[in-house]
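Structure first, commentary second.
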Amino acid sequence: MIEILLRSVFIDNMVFAYFLGMCSYLAVSKNVKTAFGLGLAVCFVLTVTVPVNYLIDKYLLREGALAWLSDSFSATDLSFLSLILFIAVIAGIVQLLEMVFERYLPALNMALGIFLPLIAVNCAILGGSLFMQERNFPTVAHSLAYAVGSGIGWLLAITAFAAIRERLKYAKIPPTLQGNGIAYIITGLLGMGFMCFLGM
Amino acid sequence: MKKYLGPLSKDNPILVQTLGVCSALAVTAQLKPAVVMALSVTVVCACSNLIISLIRNTIPPRIRIIVQLLVVSFFVIVVDQVLQAMLYDVSKILSVFVGLIITNCIIMGRLEAFALSHKPLPSLMDGVMNGLGYGLVLVVVAFFRELLGSGTLWNYPVIPQSWYAAGYLNNGLMILPPMALILIGVIIWIKNGTIKRQL
(Lines give C-alpha, C1' and ligand atoms only; values in the text may rest on other atoms or scores of the structure.)
Protein backbone atom coordinates (compact mmCIF):
# COMPACT_ATOMS: atom_id res chain seq x y z
CA MET A 1 0.00 0.00 0.00
CA ILE A 2 2.89 2.32 0.77
CA GLU A 3 4.11 1.36 -2.66
CA ILE A 4 0.85 2.47 -4.27
CA LEU A 5 1.03 5.72 -2.34
CA LEU A 6 4.59 6.55 -3.34
CA ARG A 7 4.04 5.39 -6.87
CA SER A 8 1.08 7.69 -7.39
CA VAL A 9 2.93 10.66 -5.88
CA PHE A 10 6.12 10.41 -7.87
CA ILE A 11 6.00 8.03 -10.81
CA ASP A 12 2.40 8.21 -11.97
CA ASN A 13 2.14 11.86 -11.05
CA MET A 14 -1.22 13.19 -12.25
CA VAL A 15 0.24 16.30 -13.84
CA PHE A 16 3.53 15.15 -15.25
CA ALA A 17 2.69 11.67 -16.43
CA TYR A 18 -0.97 12.02 -17.43
CA PHE A 19 -1.47 15.78 -17.81
CA LEU A 20 -4.60 15.68 -15.70
CA GLY A 21 -5.97 18.88 -14.24
CA MET A 22 -3.81 20.87 -16.60
CA CYS A 23 -6.33 23.66 -17.15
CA SER A 24 -6.59 24.73 -13.54
CA TYR A 25 -2.92 23.92 -13.07
CA LEU A 26 -2.00 26.57 -15.60
CA ALA A 27 -4.68 29.04 -14.63
CA VAL A 28 -4.29 29.07 -10.84
CA SER A 29 -0.53 28.96 -10.46
CA LYS A 30 0.26 32.64 -10.50
CA ASN A 31 1.19 32.65 -6.81
CA VAL A 32 2.12 30.00 -4.31
CA LYS A 33 -0.60 30.66 -1.77
CA THR A 34 -3.62 30.21 -4.01
CA ALA A 35 -1.91 27.33 -5.77
CA PHE A 36 -1.45 25.60 -2.44
CA GLY A 37 -5.12 26.20 -1.59
CA LEU A 38 -6.30 24.66 -4.84
CA GLY A 39 -3.87 21.78 -4.37
CA LEU A 40 -5.27 21.07 -0.93
CA ALA A 41 -8.83 21.17 -2.26
CA VAL A 42 -8.01 18.74 -5.08
CA CYS A 43 -6.22 16.46 -2.62
CA PHE A 44 -9.20 16.51 -0.30
CA VAL A 45 -11.87 15.90 -2.94
CA LEU A 46 -9.85 13.08 -4.48
CA THR A 47 -9.51 11.41 -1.08
CA VAL A 48 -13.27 11.48 -0.64
CA THR A 49 -14.51 10.70 -4.14
CA VAL A 50 -12.20 7.90 -5.22
CA PRO A 51 -13.12 5.47 -2.40
CA VAL A 52 -16.82 6.28 -2.85
CA ASN A 53 -16.57 5.63 -6.57
CA TYR A 54 -14.62 2.48 -5.81
CA LEU A 55 -17.52 1.15 -3.74
CA ILE A 56 -20.02 2.13 -6.41
CA ASP A 57 -17.95 0.42 -9.05
CA LYS A 58 -17.46 -2.70 -6.99
CA TYR A 59 -21.01 -3.19 -5.74
CA LEU A 60 -23.11 -1.69 -8.54
CA LEU A 61 -21.42 -1.40 -11.88
CA ARG A 62 -18.86 -4.08 -12.56
CA GLU A 63 -19.82 -7.28 -14.32
CA GLY A 64 -21.37 -9.54 -11.72
CA ALA A 65 -21.27 -6.77 -9.15
CA LEU A 66 -24.99 -7.01 -8.48
CA ALA A 67 -24.71 -10.64 -7.44
CA TRP A 68 -25.19 -9.63 -3.80
CA LEU A 69 -28.69 -8.49 -4.66
CA SER A 70 -29.93 -11.74 -6.12
CA ASP A 71 -28.63 -14.50 -8.33
CA SER A 72 -30.60 -13.34 -11.34
CA PHE A 73 -28.46 -10.19 -11.54
CA SER A 74 -25.15 -12.03 -11.46
CA ALA A 75 -24.54 -11.54 -15.18
CA THR A 76 -25.50 -7.87 -15.35
CA ASP A 77 -22.78 -5.54 -16.53
CA LEU A 78 -23.51 -1.89 -15.96
CA SER A 79 -19.99 -0.60 -16.51
CA PHE A 80 -21.11 1.58 -19.43
CA LEU A 81 -22.88 3.71 -16.85
CA SER A 82 -19.72 4.37 -14.90
CA LEU A 83 -18.84 7.66 -16.63
CA ILE A 84 -22.14 9.30 -15.94
CA LEU A 85 -22.38 7.92 -12.41
CA PHE A 86 -18.86 8.93 -11.46
CA ILE A 87 -19.32 12.49 -12.63
CA ALA A 88 -22.65 12.71 -10.83
CA VAL A 89 -21.05 11.44 -7.61
CA ILE A 90 -18.21 13.93 -7.93
CA ALA A 91 -20.49 16.87 -8.58
CA GLY A 92 -22.74 15.78 -5.73
CA ILE A 93 -19.91 15.32 -3.23
CA VAL A 94 -18.35 18.65 -4.13
CA GLN A 95 -21.66 20.37 -3.55
CA LEU A 96 -22.11 18.52 -0.27
CA LEU A 97 -18.62 19.34 0.96
CA GLU A 98 -19.20 22.97 0.17
CA MET A 99 -22.35 23.01 2.28
CA VAL A 100 -20.71 21.16 5.18
CA PHE A 101 -17.70 23.45 5.18
CA GLU A 102 -19.86 26.52 5.11
CA ARG A 103 -21.76 25.36 8.16
CA TYR A 104 -19.09 23.74 10.33
CA LEU A 105 -15.65 24.78 9.15
CA PRO A 106 -15.84 28.39 8.05
CA ALA A 107 -12.06 28.80 8.26
CA LEU A 108 -11.44 25.97 5.82
CA ASN A 109 -14.25 27.26 3.67
CA MET A 110 -12.54 30.62 3.43
CA ALA A 111 -9.35 28.93 2.32
CA LEU A 112 -10.84 26.50 -0.18
CA GLY A 113 -14.07 28.32 -0.87
CA ILE A 114 -13.65 29.62 -4.38
CA PHE A 115 -11.86 26.51 -5.58
CA LEU A 116 -14.36 23.90 -4.53
CA PRO A 117 -16.98 24.49 -7.23
CA LEU A 118 -14.25 24.57 -9.88
CA ILE A 119 -13.12 21.15 -8.85
CA ALA A 120 -16.23 19.36 -10.08
CA VAL A 121 -14.97 19.85 -13.62
CA ASN A 122 -11.30 19.25 -12.88
CA CYS A 123 -10.05 16.35 -14.95
CA ALA A 124 -7.75 15.20 -12.17
CA ILE A 125 -10.73 14.19 -10.05
CA LEU A 126 -12.60 12.23 -12.71
CA GLY A 127 -9.26 10.91 -13.93
CA GLY A 128 -8.52 9.60 -10.45
CA SER A 129 -11.76 7.64 -10.41
CA LEU A 130 -11.27 6.30 -13.93
CA PHE A 131 -7.71 5.17 -13.26
CA MET A 132 -8.90 3.57 -10.06
CA GLN A 133 -11.47 1.62 -12.09
CA GLU A 134 -8.87 0.61 -14.65
CA ARG A 135 -6.38 -0.61 -12.07
CA ASN A 136 -8.73 -2.95 -10.21
CA PHE A 137 -7.57 -2.34 -6.67
CA PRO A 138 -8.38 -5.27 -4.37
CA THR A 139 -9.76 -3.28 -1.40
CA VAL A 140 -11.09 0.15 -0.52
CA ALA A 141 -7.92 0.85 1.44
CA HIS A 142 -5.80 0.45 -1.68
CA SER A 143 -7.98 2.88 -3.59
CA LEU A 144 -7.74 5.28 -0.66
CA ALA A 145 -3.95 5.08 -0.73
CA TYR A 146 -4.04 5.73 -4.45
CA ALA A 147 -6.33 8.74 -4.00
CA VAL A 148 -4.22 10.30 -1.25
CA GLY A 149 -1.07 9.73 -3.26
CA SER A 150 -2.45 11.28 -6.44
CA GLY A 151 -3.74 14.23 -4.46
CA ILE A 152 -0.38 14.84 -2.84
CA GLY A 153 1.30 14.48 -6.20
CA TRP A 154 -0.95 17.14 -7.70
CA LEU A 155 -0.42 19.42 -4.72
CA LEU A 156 3.32 18.99 -5.04
CA ALA A 157 3.27 19.72 -8.75
CA ILE A 158 1.18 22.86 -8.61
CA THR A 159 3.05 24.31 -5.62
CA ALA A 160 6.43 23.73 -7.22
CA PHE A 161 5.22 25.20 -10.48
CA ALA A 162 3.73 28.26 -8.80
CA ALA A 163 6.99 28.90 -6.97
CA ILE A 164 8.92 28.80 -10.23
CA ARG A 165 6.40 31.09 -11.88
CA GLU A 166 6.75 33.66 -9.11
CA ARG A 167 10.45 33.66 -9.67
CA LEU A 168 9.94 33.98 -13.44
CA LYS A 169 8.53 37.47 -13.05
CA TYR A 170 12.09 38.65 -12.70
CA ALA A 171 13.48 36.63 -15.57
CA LYS A 172 14.02 37.88 -19.08
CA ILE A 173 11.85 35.82 -21.39
CA PRO A 174 11.47 36.47 -25.13
CA PRO A 175 8.20 38.39 -25.55
CA THR A 176 6.65 35.81 -27.87
CA LEU A 177 7.30 33.07 -25.34
CA GLN A 178 5.85 34.86 -22.34
CA GLY A 179 2.80 33.51 -20.57
CA ASN A 180 1.57 30.14 -21.67
CA GLY A 181 4.48 29.21 -23.89
CA ILE A 182 7.04 29.28 -21.15
CA ALA A 183 4.58 27.70 -18.72
CA TYR A 184 4.27 24.60 -20.91
CA ILE A 185 7.99 24.30 -21.37
CA ILE A 186 8.64 24.59 -17.64
CA THR A 187 6.04 21.93 -16.94
CA GLY A 188 7.77 19.71 -19.46
CA LEU A 189 11.13 20.23 -17.79
CA LEU A 190 9.64 19.58 -14.35
CA GLY A 191 8.12 16.41 -15.76
CA MET A 192 11.51 15.30 -16.98
CA GLY A 193 12.82 15.83 -13.47
CA PHE A 194 10.06 13.67 -12.11
CA MET A 195 10.89 10.93 -14.57
CA CYS A 196 14.03 10.25 -12.56
CA PHE A 197 11.79 8.54 -10.03
CA LEU A 198 10.91 5.98 -12.65
CA GLY A 199 13.54 3.52 -11.57
CA MET A 200 12.48 3.62 -7.94
CA MET B 1 -18.31 32.47 -42.02
CA LYS B 2 -15.14 34.22 -40.99
CA LYS B 3 -16.03 34.41 -37.34
CA TYR B 4 -16.27 30.63 -37.17
CA LEU B 5 -12.71 30.21 -38.40
CA GLY B 6 -11.24 31.87 -35.33
CA PRO B 7 -10.81 28.69 -33.30
CA LEU B 8 -8.52 27.26 -35.97
CA SER B 9 -5.85 29.90 -35.58
CA LYS B 10 -6.02 33.06 -33.54
CA ASP B 11 -8.58 31.85 -31.02
CA ASN B 12 -7.34 28.31 -30.85
CA PRO B 13 -8.75 26.64 -27.73
CA ILE B 14 -5.48 24.98 -26.75
CA LEU B 15 -2.94 27.58 -27.78
CA VAL B 16 -4.71 30.77 -26.78
CA GLN B 17 -7.48 29.97 -24.36
CA THR B 18 -5.47 27.19 -22.62
CA LEU B 19 -8.51 24.97 -22.51
CA GLY B 20 -8.65 21.23 -22.89
CA VAL B 21 -4.97 20.65 -22.47
CA CYS B 22 -5.65 17.93 -19.95
CA SER B 23 -6.50 15.16 -22.35
CA ALA B 24 -4.81 16.72 -25.35
CA LEU B 25 -1.29 15.72 -24.54
CA ALA B 26 -1.53 12.21 -23.27
CA VAL B 27 -2.84 10.82 -26.54
CA THR B 28 -0.33 12.38 -28.90
CA ALA B 29 2.49 9.84 -28.85
CA GLN B 30 1.09 8.43 -32.09
CA LEU B 31 -0.88 9.89 -34.94
CA LYS B 32 -3.76 7.44 -35.06
CA PRO B 33 -5.07 7.83 -31.47
CA ALA B 34 -4.64 11.57 -31.82
CA VAL B 35 -6.86 11.69 -34.90
CA VAL B 36 -9.46 9.48 -33.29
CA MET B 37 -9.40 11.61 -30.16
CA ALA B 38 -9.73 14.80 -32.22
CA LEU B 39 -12.74 13.41 -34.05
CA SER B 40 -14.37 12.23 -30.82
CA VAL B 41 -13.98 15.63 -29.21
CA THR B 42 -15.35 17.34 -32.30
CA VAL B 43 -18.41 15.10 -32.34
CA VAL B 44 -19.08 15.50 -28.62
CA CYS B 45 -18.49 19.24 -28.70
CA ALA B 46 -20.75 19.79 -31.71
CA CYS B 47 -23.59 17.57 -30.49
CA SER B 48 -23.65 18.86 -26.94
CA ASN B 49 -23.42 22.45 -28.16
CA LEU B 50 -26.44 21.79 -30.36
CA ILE B 51 -28.49 20.13 -27.62
CA ILE B 52 -27.68 22.71 -24.96
CA SER B 53 -28.49 25.47 -27.39
CA LEU B 54 -31.84 23.86 -28.20
CA ILE B 55 -32.84 23.65 -24.55
CA ARG B 56 -31.06 26.80 -23.41
CA ASN B 57 -34.24 28.63 -22.51
CA THR B 58 -35.58 25.87 -20.32
CA ILE B 59 -32.48 25.23 -18.17
CA PRO B 60 -32.71 26.87 -14.76
CA PRO B 61 -29.45 28.83 -14.36
CA ARG B 62 -28.68 27.40 -10.91
CA ILE B 63 -28.38 23.81 -12.08
CA ARG B 64 -26.99 24.45 -15.54
CA ILE B 65 -23.60 22.88 -14.77
CA ILE B 66 -25.21 19.58 -13.84
CA VAL B 67 -27.41 19.66 -16.94
CA GLN B 68 -24.38 20.35 -19.11
CA LEU B 69 -22.40 17.56 -17.49
CA LEU B 70 -25.22 15.12 -18.09
CA VAL B 71 -25.65 16.06 -21.75
CA VAL B 72 -21.90 15.87 -22.35
CA SER B 73 -21.49 12.56 -20.56
CA PHE B 74 -24.35 11.11 -22.58
CA PHE B 75 -22.50 11.84 -25.82
CA VAL B 76 -19.20 10.69 -24.37
CA ILE B 77 -20.71 7.34 -23.45
CA VAL B 78 -22.04 6.98 -26.99
CA VAL B 79 -18.62 7.80 -28.45
CA ASP B 80 -16.91 5.48 -25.99
CA GLN B 81 -19.18 2.55 -26.85
CA VAL B 82 -18.77 3.16 -30.58
CA LEU B 83 -14.98 3.24 -30.23
CA GLN B 84 -14.95 0.06 -28.20
CA ALA B 85 -17.05 -1.66 -30.82
CA MET B 86 -15.35 -0.39 -33.98
CA LEU B 87 -11.77 0.52 -33.04
CA TYR B 88 -10.93 -1.63 -30.07
CA ASP B 89 -7.15 -1.25 -30.31
CA VAL B 90 -7.33 2.54 -30.39
CA SER B 91 -9.82 2.65 -27.55
CA LYS B 92 -7.36 0.59 -25.48
CA ILE B 93 -4.66 3.20 -26.09
CA LEU B 94 -6.98 6.09 -25.32
CA SER B 95 -8.21 4.25 -22.21
CA VAL B 96 -9.49 6.74 -19.66
CA PHE B 97 -8.98 9.75 -21.87
CA VAL B 98 -12.19 9.13 -23.77
CA GLY B 99 -14.02 9.34 -20.46
CA LEU B 100 -12.13 12.46 -19.61
CA ILE B 101 -13.70 14.26 -22.57
CA ILE B 102 -16.52 14.93 -20.10
CA THR B 103 -14.34 17.23 -18.07
CA ASN B 104 -12.59 18.65 -21.10
CA CYS B 105 -12.69 22.37 -20.48
CA ILE B 106 -13.16 23.16 -24.18
CA ILE B 107 -16.56 21.57 -24.19
CA MET B 108 -17.72 23.06 -20.90
CA GLY B 109 -16.21 26.37 -21.92
CA ARG B 110 -18.03 26.48 -25.27
CA LEU B 111 -21.31 25.44 -23.65
CA GLU B 112 -21.00 28.21 -21.08
CA ALA B 113 -19.66 30.87 -23.38
CA PHE B 114 -21.49 30.18 -26.61
CA ALA B 115 -24.28 27.63 -26.64
CA LEU B 116 -26.16 29.12 -23.69
CA SER B 117 -26.63 32.39 -25.53
CA HIS B 118 -26.83 31.50 -29.21
CA LYS B 119 -29.18 29.82 -31.66
CA PRO B 120 -28.74 26.09 -32.43
CA LEU B 121 -27.14 26.36 -35.86
CA PRO B 122 -24.34 28.79 -34.98
CA SER B 123 -23.74 26.73 -31.83
CA LEU B 124 -23.31 23.59 -33.90
CA MET B 125 -20.81 25.40 -36.13
CA ASP B 126 -18.98 26.77 -33.12
CA GLY B 127 -18.72 23.30 -31.61
CA VAL B 128 -17.38 21.81 -34.84
CA MET B 129 -14.82 24.55 -35.33
CA ASN B 130 -13.56 24.43 -31.76
CA GLY B 131 -13.28 20.67 -31.95
CA LEU B 132 -11.30 21.00 -35.17
CA GLY B 133 -9.06 23.68 -33.70
CA TYR B 134 -8.31 21.34 -30.84
CA GLY B 135 -7.76 18.48 -33.27
CA LEU B 136 -5.38 20.54 -35.38
CA VAL B 137 -2.96 21.04 -32.49
CA LEU B 138 -3.30 17.42 -31.47
CA VAL B 139 -2.47 16.18 -34.95
CA VAL B 140 0.52 18.51 -35.35
CA VAL B 141 1.99 17.45 -32.01
CA ALA B 142 1.32 13.77 -32.71
CA PHE B 143 2.87 14.06 -36.17
CA PHE B 144 6.19 15.26 -34.80
CA ARG B 145 6.20 12.96 -31.82
CA GLU B 146 5.54 9.85 -33.88
CA LEU B 147 7.89 10.86 -36.68
CA LEU B 148 10.83 11.73 -34.46
CA GLY B 149 10.06 9.31 -31.66
CA SER B 150 9.34 6.06 -33.46
CA GLY B 151 10.17 6.88 -37.08
CA THR B 152 6.69 5.93 -38.22
CA LEU B 153 3.52 7.69 -39.33
CA TRP B 154 0.15 6.06 -38.77
CA ASN B 155 2.19 2.95 -37.81
CA TYR B 156 3.92 2.81 -41.22
CA PRO B 157 7.69 3.22 -41.11
CA VAL B 158 8.70 6.33 -43.03
CA ILE B 159 12.35 6.69 -42.07
CA PRO B 160 14.25 4.55 -44.60
CA GLN B 161 16.32 1.65 -43.32
CA SER B 162 19.44 3.12 -44.90
CA TRP B 163 19.28 6.02 -42.44
CA TYR B 164 19.30 3.65 -39.51
CA ALA B 165 22.22 1.83 -41.08
CA ALA B 166 24.02 5.17 -41.33
CA GLY B 167 23.60 5.73 -37.59
CA TYR B 168 20.25 7.57 -37.36
CA LEU B 169 18.46 6.86 -34.08
CA ASN B 170 14.88 7.44 -33.01
CA ASN B 171 14.61 10.06 -30.32
CA GLY B 172 13.11 8.07 -27.47
CA LEU B 173 12.52 11.23 -25.48
CA MET B 174 9.77 12.23 -27.92
CA ILE B 175 7.61 9.33 -26.77
CA LEU B 176 7.83 10.36 -23.12
CA PRO B 177 5.15 12.67 -21.70
CA PRO B 178 7.27 15.79 -21.00
CA MET B 179 8.09 16.28 -24.68
CA ALA B 180 4.43 16.81 -25.49
CA LEU B 181 4.39 19.80 -23.18
CA ILE B 182 7.58 21.22 -24.59
CA LEU B 183 6.30 20.77 -28.15
CA ILE B 184 3.11 22.67 -27.31
CA GLY B 185 5.24 25.39 -25.77
CA VAL B 186 7.23 25.64 -28.98
CA ILE B 187 4.07 25.70 -31.11
CA ILE B 188 2.74 28.58 -29.00
CA TRP B 189 6.05 30.31 -29.41
CA ILE B 190 5.97 29.98 -33.20
CA LYS B 191 2.32 31.01 -33.33
CA ASN B 192 2.90 34.12 -31.22
CA GLY B 193 5.77 35.03 -33.48
CA THR B 194 3.81 34.73 -36.70
CA ILE B 195 0.11 35.36 -36.13
CA LYS B 196 -0.73 38.71 -34.64
CA ARG B 197 -3.57 38.37 -32.19
CA GLN B 198 -6.21 41.06 -32.49
CA LEU B 199 -6.99 42.31 -29.03
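The structure presented is a predicted model; accordingly, all values stated were derived computationally and were not measured. Below, chain A is the first sequence line, B the second, and so on; all start at residue 1.
In this structure, CG in A/L83 is found 5.0 Å from CD1 in B/I77, a value given to the nearest 0.5 Å. Atom CG of residue B/L69 and atom CD1 of residue A/I90 lie 9.5 Å apart, to the nearest 0.5 angstrom.
Using a 4.5 Å cut-off between side-chain heavy atoms of Ile, Leu, Val, Met, Phe, Trp and Tyr, with links allowed through other members, B/V35 and B/V79 fall into the same hydrophobic cluster. At a threshold of 4.5 Å between side-chain heavy atoms, the hydrophobic network of Ile, Leu, Val, Met, Phe, Trp and Tyr places B/L31 and B/Y156 in one connected group. At a threshold of 4.5 Å between side-chain heavy atoms, the hydrophobic network of Ile, Leu, Val, Met, Phe, Trp and Tyr places A/V45 and A/L96 in two separate groups. No path of Ile, Leu, Val, Met, Phe, Trp and Tyr side chains, each step under 4.5 Å between heavy atoms, connects A/I158 with A/V32, placing them in separate hydrophobic clusters. A/I93 and A/M99 are assigned to two separate hydrophobic clusters, defined by single-linkage of ILVMFWY side chains at heavy-atom distances under 4.5 Å.
Of residues 182-190 of chain A, those residues lying under 4.5 Å from chain B by any heavy-atom pair are A/Y184, A/I185, A/T187, A/G188, A/L189. Of residues 127-139 of chain A, those residues with a non-hydrogen atom less than 4.5 Å from any non-hydrogen atom of chain B are, in numerical order, A/G127, A/L130, A/F131, A/E134.
Heavy-atom pairs under 4.5 Å with chain A were tallied for B/L70, B/D80, B/V76, B/L181; the largest tally goes to B/L181.
Contact between A/M192 and B/P178 at its shortest, heavy atoms only, is N-CG, 3.6 Å. Contact record, A/A91 with B/I66: CB-CD1, 3.8 Å, taken as the closest heavy-atom pair. Taking each heavy atom of A/I87 and B/S73 in turn, the nearest pair found is CG2-OG, 4.2 Å.
For B/L176, the part lying near chain A is the side chain, with the backbone staying farther off; criterion is any non-hydrogen pair under 4.5 Å. At a 4.5 Å heavy-atom cutoff, the contact between A/F80 and chain B is made by backbone and side-chain atoms alike. When heavy atoms are compared at a cutoff of 4.5 Å, A/L177 approaches chain B by way of both its backbone and its side chain.
B/F97 is listed as a side-chain neighbour of A/L20, based on a closest heavy-atom distance under 4.5 Å.
In the displayed structure, B/Y168 atom OH is contacted under 6.0 Å by more than 12 heavy atoms of other residues, nucleotides or ligands. Atom CH2 of B/W163 has 12 or fewer neighbouring heavy atoms from other residues, nucleotides or ligands inside a 6.0 Å radius.
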